[in-house]
Enquirer: 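The structure under discussion is supplied below as structure tokens; questions concerning it will follow.
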Amino acid sequence: IRIYANPIKLEKTKNLGILLVIQDLTQIRKLENIRRDFVSNVTHELKTPLTSIRGFVDTLKNGAINDEVVAKRFLDIIDIESERLYLLIQDILSLSEIESKQNEKNVGFYNLSEVIFEVVDLLKPKLKDSQLEIKVDIENDMPEFKCNKDRIKQLLINLVDNAIKYTEKGHIIIKTNYSNEHFIIEVEDTGIGIEKEHIPRLFERFYRVDRGRSRKQGGTGLGLSIVKHIVELYDGLIKVESRVGEGTRFIIRLPEKK
Ligand code: ADP
């Protein structure tokens, strides 16, 4: 709390009293801390792949390039790490773009089922020959949803991509229906699940339950934070239900806009 006190005077002589201004800085400090943490996290996240790239380039220049097998392995690592950097920068840019938005541009009426099928087609190649299947369950005759299609597509990509990353076998179900002037979207998987204690922090930037696992899967740690921002941009709500070893379900409720 910050307090200012100023005497209120009339014609420089008479003292009328004191003006007290009491400012609650909790929220401002909280935002400052969030911003500071974000900058230091971003710096760390960018530095890790970059340090690795520079290290391998140096080693190659110092002679490793002459051994074809070793050189190929190092180049593969450089390739993976630069892809990581690229994805991370893309996610940071998306997040700041969504954050700065008050009103959405390029808004139109879209069929959610169309968007869902586009996302499934896009992500299906990631399933490869695993024992994982994507199912879709869409209510008939749903009204169209007023949105920026790219934004809703990104939300779905992030959720389904996570479901694929954190599920070894079984299925992923993407459901949507409309009730009481709200669109409900659910993404459910039969994956590793999330322990209760992690759920409240899941949407924080760079929060991961298992850092090593996320890194191995090529995660940036920003996917769910982007999802949450998009949901908030559309005045919606997001909920997570999960059981360790059984699976996870993300439920999104978006109010209809006319
Ligand atoms: P990441 O890039 O690490 O996947 P996200 O922000 O998308 O970052 O997710 C944050 C963390 O939440 C992940 O690191 C993972 O631990 C957990 N998580 C997200 N989705 C799922 C899921 N479907 N099943 C299990 N864990 C998940």
Side-chain angles (χ1 to χ4, degrees), residues 34 37-38 41-42 44-49 80-99 116 119-120 122-124 126-127 130-137 151-176 184-233 236-252:
I34 291 176
D37 283 354
F38 181 60
N41 278 332
V42 165
H44 173 78
E45 297 282 342
L46 291 174
K47 255 186 171 169
T48 315
I80 292 169
E81 294 296 299
S82 35
E83 168 79 6
R84 224 172 112 67
L85 262 185
Y86 176 76
L87 291 178
L88 189 62
I89 291 167
Q90 259 193 336
D91 273 359
I92 294 168
L93 291 177
S94 299
L95 201 56
S96 85
E97 190 195 304
I98 301 161
E99 260 188 337
I116 290 173
V119 170
V120 173
L122 195 78
L123 295 180
K124 242 186 186 152
K126 284 201 169 191
L127 295 175
S130 70
Q131 303 154 281
L132 190 58
E133 193 190 349
I134 302 186
K135 297 177 186 170
V136 171
D137 178 358
R151 208 76 75 195
I152 296 301
K153 202 164 162 182
Q154 184 172 21
L155 175 154
L156 277 162
I157 289 174
N158 289 5
L159 288 179
V160 178
D161 191 43
N162 275 349
I164 296 173
K165 282 192 303 196
Y166 302 106
T167 309
E168 231 143 64
K169 58 177 194 283
H171 56 247
I172 293 163
I173 307 181
I174 312 166
K175 285 186 200 166
T176 184
I184 320 288
I185 302 172
E186 292 185 18
V187 177
E188 189 187 312
D189 64 55
T190 53
I192 59 171
I194 304 160
E195 276 170 49
K196 237 196 183 112
E197 70 205 69
H198 296 289
I199 291 197
R201 300 197 58 193
L202 228 48
F203 297 99
E204 282 175 28
R205 293 153 195 207
F206 298 118
Y207 188 81
R208 290 124 158 164
V209 174
D210 179 342
R211 226 187 155 69
R213 188 170 198 140
S214 157
R215 202 182 142 78
K216 218 173 81 200
Q217 298 284 355
T220 62
L222 290 175
L224 284 182
S225 160
I226 292 174
V227 167
K228 175 119 196 271
H229 276 80
I230 297 174
V231 170
E232 283 171 358
L233 189 64
L237 291 171
I238 182 160
K239 208 170 86 177
V240 192
E241 291 169 357
S242 189
R243 271 174 198 272
V244 175
E246 289 184 22
T248 306
R249 180 194 288 151
F250 286 87
I251 306 152
I252 292 169

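Ligands are counted one by one from 1 in listed order, and the atoms in each one are counted from 1 as well. Remember, predicted model here, so these are calculated numbers, not experimental data.
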Enquirer: Where does Phe203 meet ligand 1, judged by heavy-atom distances below 4.0 Å: at the side chain, the backbone, both, or neither?
Expert: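 Neither part.
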Enquirer: OG1 of Thr167 to CD of Glu188: how many Å apart, nearest 0.5 Å?
Expert: 10.5 Å
Enquirer: Check each heavy atom of Asp189 against ligand 1 and say whether those closer than 4.0 Å belong to the side chain, the backbone, both or neither.
Expert: side chain
Enquirer: Which residue holds the protein heavy atom closest to atom 5 (P) of ligand 1, what is that atom called, and what is the gap in Å?
Expert: Leu224 N, 3.6 Å
Enquirer: Side chains of Glu45 and Leu222: does their closest heavy-atom pair fall under 4.5 Å?
Expert: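 When only atoms from C-beta onward are counted, Leu222 and Glu45 do not touch, as no gap falls below 4.5 Å.
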Enquirer: Is the shortest heavy-atom distance from the side chain of Ile164 to the side chain of Ile134 under 4.5 Å?
Expert: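 In contact.
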Enquirer: Rounded to the nearest 0.5 Å, what's the gap from CG on Asn162 to CG on Leu202? Could you check?
Expert: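 With rounding to 0.5 Å, CG (Asn162) is 8.5 Å from CG (Leu202).
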Enquirer: Which protein heavy atom lies closest to atom 1 (P) of ligand 1, and at what distance to 0.1 Å?
Expert: Gly221 N, 3.5 Å
Enquirer: Using a 3.5 Å distance criterion without hydrogens, assess whether the side chain of Asn158 forms a donor-acceptor pair with backbone atoms of Gly223.
Expert: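 Answer holds: yes.
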Enquirer: Please report which non-hydrogen protein atom sits nearest to atom 10 (C) of ligand 1, along with the residue it belongs to and the distance in Å to one decimal place.
Expert: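 Answer, as residue, atom name and distance: Tyr207 O, 3.3 Å.
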Enquirer: Would Lys165 count as a contact residue for ligand 1, given that I'm defining contact as a non-hydrogen atom of the residue lying under 4.0 Å from a ligand atom?
Expert: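 It does, in that a heavy atom of Lys165 comes within the 4.0 Å cut-off of ligand 1.
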Enquirer: Please list, in number order, the atoms of ligand 1 under 4.0 Å from a heavy atom of Thr220.
Expert: 2 (O)
Enquirer: Could you find the nearest protein heavy atom to atom 19 (C) of ligand 1 and give me its residue, atom name and distance?
Expert: Asn162 ND2, 3.5 Å
Enquirer: Quick check for you: to the nearest 0.5 Å, what is the distance between His229 atom NE2 and Arg151 atom CZ?
Expert: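 Interatomic distance, His229 NE2 to Arg151 CZ, rounded to 0.5 Å: 12.0 Å.
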Enquirer: To which protein heavy atom is atom 26 (N) of ligand 1 closest, and what is the distance rounded to 0.1 Å?
Expert: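 Its nearest protein heavy-atom neighbour is Ile194 CG1, 3.3 Å.
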Enquirer: For Gly223, take its heavy atoms, then give the atoms of ligand 1 lying under 4.0 Å from any of them.
Expert: 5 (P), 6 (O), 7 (O)
Enquirer: Verify salt bridge (charged side-chain N to carboxylate O under 4.0 Å, His left out) between Glu99 and Lys228, making sure each step is shown before the conclusion.
Expert: CA-CA 11 Å; Glu99 260 188 337; Lys228 175 119 196 271; over 6 Å; no
Enquirer: Just going by heavy-atom distances, which of Gly191, Ser214, Gly219 is nearest to atom 3 (O) of ligand 1?
Expert: Ser214
Enquirer: Got an N/O contact under 3.5 Å between Tyr166 and ligand 1?
Expert: yes
Enquirer: If we set the cut-off at 4.0 Å for heavy atoms, which region of Val209 has an atom near ligand 1: side chain, backbone, both, or neither?
Expert: both
Enquirer: Given salt bridge (charged side-chain N to carboxylate O under 4.0 Å, His left out), test Arg201 with Glu195 step by step and report yes or no.
Expert: CA-CA 11 Å; Arg201 300 197 58 193; Glu195 276 170 49; over 6 Å; no
Enquirer: By number and element, which atoms of ligand 1 are closer than 4.0 Å to a non-hydrogen atom of Arg208?
Expert: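 Near Arg208, the atoms of ligand 1 are 3 (O), 14 (O).
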Enquirer: Are any side-chain N or O atoms of Thr248 and backbone N or O atoms of Ser242, one a donor and one an acceptor, separated by less than 3.5 Å?
Expert: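 A pair under 3.5 Å: no.
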Enquirer: Do me a favour and list the nearest non-hydrogen protein atom to atom 12 (O) of ligand 1 with residue, atom name and distance?
Expert: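 Checked against all protein heavy atoms, atom 12 (O) of ligand 1 sits closest to Leu202 CD1, 3.6 Å.
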Enquirer: Short question: side chain of Ser94, backbone of Gln90 - any donor-acceptor pair under 3.5 Å?
Expert: yes
